[in-house]
Amino acid sequence: MNKDQEYSLGNWSNRYLFPISKGLYLADPLTSNKSMRLLEESIDLIYNVGLEGINFHMIAERLEVPLSFIQRYFQDKYQLTAYLNEFYWYWLSHWISRYQLKTTSVKHRLIISIQCLCHEYSPLKSVQEPFINPLFTILIREPLKQEPFFLPDLTYSGFNWGFKKLTLIFRDTIEELNPGYPYAENLALVLLEAYKQHVYASKYIPEWTSGDSLHHPRYSNFLIDLAMSILIEK
């Protein structure tokens with residue numbers, strides 16, 4: 001893992017410390033406005049076309065740059081998608097960590113974390129950059145758009161460290177709320193994966209459910225109730 005770097009993303013107002021592995025890029029794409037546009041255009045293309053339908057030629061054409069410019073930063077579109085995946089989870093971990101500092105209540109910290117995970121925490125919405133919602137859709141709402149990316153042989157050094165970091169934030173909060181609970185990391189993973197699956201099921205397989213139980217506008221309500229029913233004695 002390379003040293004933390006402070007990234008100023010174009011004209012966006014926020015700065016981040018993301019230890020993104022060098023195994024996920026050839027050259028740091030967050031060092032110039034043009035290479036940051038590469039990320040933005042890639043997100044837009046994957047969002048609208050899907051990973052299977054895009055290639056570096058399409059991205060280069062959008063940016064009006066030679067193909068070699070794209071190849072300077074990523075070896076293929078799968079490494080590019082791995083980088084975007086990592087960026088999203090680090091972004092979410094960053095904001096959850098910051099918002100947890102705003103309260104001394106451990107219970108409230110877990111609630112905030114779950115609401116941020118579900119993109120239902122109002123302060124998070126106010127700082128959300130334009131690219132986050134389509135990236136969230138690519139990774140969470142419509143994972144089939146990048147299904148080929150999840151083939152076992154398409155892995156890179158450092159992939160999913162951002163997701164691991166987020167899992168550990170949830171685990172540590174759970175352990176602090178209930179030090180005697182023996183399955184903190186398991187519960188953290190359940191919360192993260194349950195949200196992803198609920199979003200997917202409500203969009204693609206609603207016939208699995210009765211009524212509109214998976215279409216409630218606040219997914220976080222169920223996850224908060226689940227966590228608190230396990231961790232807090234009635």
Side-chain angles (χ1 to χ4, degrees), residues 1-25 28-33 35-40 42-43 47 73 80-141 156-177 184-185 188-189 191-193 195-196 199 219-220 223-224 227:
M1 183 179 293
N2 59 319
K3 293 182 179 179
D4 290 3
Q5 302 175 44
E6 185 173 22
Y7 293 145
S8 178
L9 306 184
N11 59 359
W12 301 327
S13 60
N14 304 300
R15 292 177 179 270
Y16 304 106
L17 291 170
F18 291 164
I20 295 179
S21 169
K22 289 184 178 179
L24 300 180
Y25 58 86
D28 189 351
L30 295 176
T31 54
S32 72
N33 288 334
S35 55
M36 285 185 279
R37 277 196 59 221
L38 186 166
L39 299 178
E40 293 177 342
S42 300
I43 291 170
Y47 176 76
Y73 295 96
L80 167 61
T81 310
Y83 182 94
L84 295 174
N85 175 84
E86 203 69 3
F87 186 96
Y88 173 77
W89 294 114
Y90 271 120
W91 177 88
L92 193 57
S93 298
H94 167 85
W95 284 111
I96 287 177
S97 296
R98 288 190 60 172
Y99 292 134
Q100 281 197 351
L101 296 175
K102 294 182 178 293
T103 177
T104 58
S105 166
V106 182
K107 178 180 177 181
H108 193 209
R109 288 206 296 271
L110 183 56
I111 290 172
I112 287 174
S113 300
I114 293 172
Q115 290 174 337
C116 284
L117 172 68
C118 300
H119 284 243
E120 295 172 359
Y121 187 58
S122 296
L124 182 69
K125 294 180 180 180
S126 68
V127 300
Q128 187 166 297
E129 292 81 4
F131 75 92
I132 284 294
N133 190 60
L135 185 55
F136 168 70
T137 297
I138 292 166
L139 297 173
I140 309 299
R141 288 199 184 109
Y156 302 93
S157 172
F159 176 61
N160 266 338
W161 285 351
F163 187 82
K164 180 180 179 180
K165 177 179 176 64
L166 185 62
T167 304
L168 295 179
I169 290 173
F170 272 81
R171 182 204 65 186
D172 292 348
T173 309
I174 289 168
E175 288 180 340
E176 190 175 359
L177 182 60
E185 192 160 344
L189 281 169
L191 294 173
L192 269 61
E193 291 297 331
Y195 175 61
K196 292 165 64 178
V199 172
Y219 291 101
S220 60
L223 297 181
I224 292 169

Give me the atom names and distance for the closest heavy-atom approach of [X] to [Y].
| X | Y | value |
| --- | --- | --- |
| Ala188 | Ile174 | N-CD1, 3.8 Å |
| Pro123 | Tyr99 | O-OH, 3.0 Å |
| Tyr47 | Ile138 | N-CD1, 3.7 Å |
| Gln100 | Ser113 | NE2-OG, 2.7 Å |
| Tyr73 | Pro29 | CD2-CA, 3.7 Å |
| Ser21 | Trp161 | CB-CZ3, 3.6 Å |

Who pairs with [X] by side chain to side chain donor-acceptor pair (under 3.5 Å), at least two apart in sequence or on another chain?
| X | result |
| --- | --- |
| Ser220 | Glu120 |
| Arg109 | Glu176 |
| Tyr88 | His119 |

Within this structure, what is the [atom1]-[atom2] distance for the pair [X] and [Y], rounded to the nearest 0.5 Å?
| X | Y | atom1 | atom2 | answer |
| --- | --- | --- | --- | --- |
| Leu117 | Ile96 | CG | CD1 | 6.0 Å |
| Gln115 | Leu223 | CD | CG | 10.5 Å |
| Ile132 | Leu92 | CD1 | CG | 8.5 Å |
| Leu110 | Phe170 | CG | CZ | 7.0 Å |
| Ile224 | Cys118 | CD1 | SG | 7.5 Å |
| Ser93 | Leu168 | OG | CG | 9.0 Å |

Should the ring pair Trp89 and Phe163 be called parallel, tilted or perpendicular, given that the plane angle runs from 0 to 90° and is split at 30 and 60?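 Rings of Trp89 and Phe163: perpendicular, over 60°.
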Test item: [X] and [Y] side chains (from C-beta on) under 4.5 Å apart, heavy atoms:
| X | Y | result |
| --- | --- | --- |
| Asn85 | Leu135 | no |
| Leu80 | Leu38 | yes |
| Tyr83 | Leu39 | yes |
| Glu40 | Met36 | no |

What about the rings of Trp91 and Phe87, do their centers lie closer together than 6.0 Å?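 They do not qualify: ring centres at least 6.0 Å apart.
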Is a side-chain N or O of Glu185 found less than 3.5 angstrom from the main chain of Arg171, in a donor-acceptor match?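 Absent.
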